[in-house]
Each structure stands twice: as structure tokens, then as C-alpha cells.
Amino acid sequence: MRLKLAVFAGDGIGPEVTREATNILRAVAELGGHEFTFVEGLIGGVAITETGSPLPTATLDAALDSDAVLLGAVGDNKFNALTPDKRPEAGLLQIRQALGGFANLRPSVAYAALAASSPLRPEVTKDTDILFVRELLGGLYFGTPRWWNKETNEAINTMRYTRDEVVRVARVAFELASKRRKKVTSVDKANVLEVSQLWRATVTEVAKDYPEITLEHQLVDSMAMHIMNTPRNFDVVLTENLFGDILSDEAGVITGSLGMLPSATIGGKVNLYEPVHGSAPDIAGTGKANPLGAILTAAMVLRHSANLEQDARAVEAAVHKVLAAGYRTADIARGGENVQLVSTQEMGKRVHQALAESIDRRQAMHAV
Ligand code: IPM
Ligand code: MN
């Protein structure tokens, strides 16, 4: 298996966590005899500082020329005074649009070993396994008109969707649900917004092609509550762009930390992989960052871009094993017994070790 990866580590803790993720990918390549190549590029605040643009042409070209893009994080307080189109985040939004992936998959899983890390009671989080499918190219993020008139003190953003945009992301959600627990919860605000009424009508129509899937609709406000009360009830959760942004951060509470959540964006020219967390400038360079979100994102690269499902599972199992053994970065160190605090790098090493052992075992089994 050959895979050409564009790696854009970005700002803050981006480079630290991305290093651990690429180490894991290198290990998988080595252990499995695959050929993975890595091309680095600038994005976000570091790109603005070096080139004046949050998404330099060289970065975009490298992305379009790759089989998959792995991104760290973007965002730097130094640029807080700038308008949205000039900020580091603009680089991320531009690359999302250029690559064309419209379905952003964000799994949120309650790890038994982390039951004490969540502020929610273990009996509430137990067995939770939600897959958010967040529409990534529409809604308020990209709708026009958008402006801020400083003379009249008026500003506007536009939540716009077309039927086709809803159909294509809904299909992804139903397809994924058919391989899981066969339930889709579609989130909207159809009691207030026309765009949500279009969303709900369209999702209901797409559901007719998937009779084996149960579809339910939830309003986003009560959904925010249900996710905390009964997270176990949800399987695939389909949302528009901003609702998915908000609810997926909320779902980080189930796992114990936003630092645990991976994501993959599919459906476009090149898949884009990024942990859900941000650049966390307050802890950058301290060794406190949790690399597991980035490492689990690497597992999603193996699953969705390399067709190496077994290796994706091996990486996920290695993460489980390391957590079960008690290793914790600061963000997940709350509660629990026999917990050992480790740095970003040490956490990466532990996962690597656990992975190497399991792949060795698999190869030994195949040999007999
Ligand atoms: C995310 C982030 C981004 C988003 C920002 C950094 C533009 O919060 O990936 O969830 O809002 O999509
Ligand atoms: Mn977000």
C-alpha cells in the first residue's frame, strides 16, 4: 500500500500532536511493509507570519497533489484583532472548501478507562458511541451575504443550504448508520428557521431509500441537553455546519476531553483529517497536550484513505490499552486509580509500543 500524505501541523500544539500522529503512521507503514510518504506545508498563523497568507499556494498545491491531508490545528491569539478573512482560521476554511469534502465525521466514544475523567457520571456515559456527521461546506460558515458595517453597526451572516447539499451529506450519514446501530438523529431548528425546514424535509425524503434505518429529528437546543442526559441513545447524529461544531465540542465531555476527539472529512477530491481540538496556545510547548485526538485521527486516515481497517483498529486498540494501563495527559488525569501523568511525547511512545506488540502478534499468528 502506497500513501502520499500532506502534513500541515499549523499553530500552537498542532506540531506537537501531529508529530505523534505521524510517528504512529510511520510505525504502521514499517510494520506492515507499506510505503507512506509525508510532505509538509504551512497553514494558519505560522503561514501568515512566513508568507502573509493563511493558506499559501504551495500548501494548497501540496494538498491537491496528495492522497490525504493531515492537519494539526490553526489559531493564534496574535491575530485576534483581524477580520475573519485574514485570520489563521481562514486558511482552514479555504482548504476545506478547496478539497471539497462536505461530510465531517466526528466520533465521540466513552472509553471505559476514562470513566472517571468525564465530569458526567460513569453510568451516564457508559457505552456511548456517537458518530457526528457534520456538514462542512455550507450554512453560516460560507453563506453570503456576510459583512460587518462599522458605520451602521450592523452585521450579517447567512445560513443557506440547497437541497442537493443536504441530500449528499444525509446519504453519508445513512450509509454509515447502516454499518452501525442503524439509527440517524438529524438535528435542526425547524421550529424557527426555514433553512432547517428544508433540512428536515430533505433528510426525511432521503430516509425513504434506507428503510432499515430509524430516523429521528431533534431540535438543536433539546439535543444539546439529550447529549448530556442520555448520550448512549445516539448512533449517527447528522447536523448542519455550526450546530455540528457546537455539539461535537460538547460531546468531548463524554470522552473526558476535547483532546481525545478525531475527525475525518470525506466526499471531496482529497480527504482531510484533523483532530477536533484547537491550537491551545496556553499549553503549547509545555508537553501537556494530549496527542490521542491526533493519533485517533491517524487511525481514521488508515480507515478512510488507506483502506487498512485492521491497522486502524490496531491503533485504536493501542490507545485503549495505554489508557487502561493508566497513562494520562493532564487533560484526562482527573479521577481514576493508578493514574500516571505523562507528557505528549511519552503518551505517543506508549501507543507506539502497544501498537508494535499487537501487530507483531498478528504477524506471528499469520506465520503459523
Ligand atoms: C473545528 C474548529 C473550526 C470550525 C475553526 C477553527 C474554524 O472549531 O474544526 O471545529 O469552526 O470548524
Ligand atoms: Mn470547533
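One-based numbering, in listed order, for ligands and for the atoms of each.
A heavy-atom separation below 4.0 Å is not found between Val74 and ligand 1. A heavy-atom separation below 4.0 Å is found between Arg106 and ligand 1.
A salt bridge links Glu35 with Arg2; the closest basic N to acidic carboxylate O contact falls under 4.0 Å. For Arg160 and Glu240, the salt-bridge test fails: no basic side-chain N is under 4.0 Å from an acidic carboxylate O. Look at Lys4 and Asp67 and you find no salt bridge, because none of the NZ, NE, NH1 or NH2 atoms lies under 4.0 Å from a carboxylate O. Under a 4.0 Å N-O distance rule, the pair Lys189/Asp221 qualifies as a salt bridge.
Taking every non-hydrogen atom of Arg134 and a distance limit under 4.0 Å, the qualifying atoms of ligand 1 come out as 1 (C), 4 (C), 9 (O), 10 (O), 11 (O), 12 (O).
If you run side-chain hydrogen bond (donor to acceptor under 3.5 Å, both in side chains) between Glu135 and each of Tyr161, Trp199, Tyr141, only Tyr161 comes through.
If you check which protein heavy atom lies closest to atom 4 (C) of ligand 1, you get Tyr141 OH, 3.5 Å. Considering only non-hydrogen protein atoms, atom 10 (O) of ligand 1 sits nearest to Asp245 OD1, 2.9 Å.
For atom 7 (C) of ligand 1, the choice among Glu89, Glu274, His277 with the nearest heavy atom turns out to be Glu89.
A donor-acceptor pair is defined here as one N or O able to donate and one able to accept, closer than 3.5 Å; no such pair exists between the side chain of Thr344 and the backbone of Glu16.
Taking the Mn ion (ligand 2) as reference, the nearest N/O/S atom within Asp245 carries the name OD1.
At least one N or O atom of Arg96 sits closer than 3.5 Å to an N or O atom of ligand 1.
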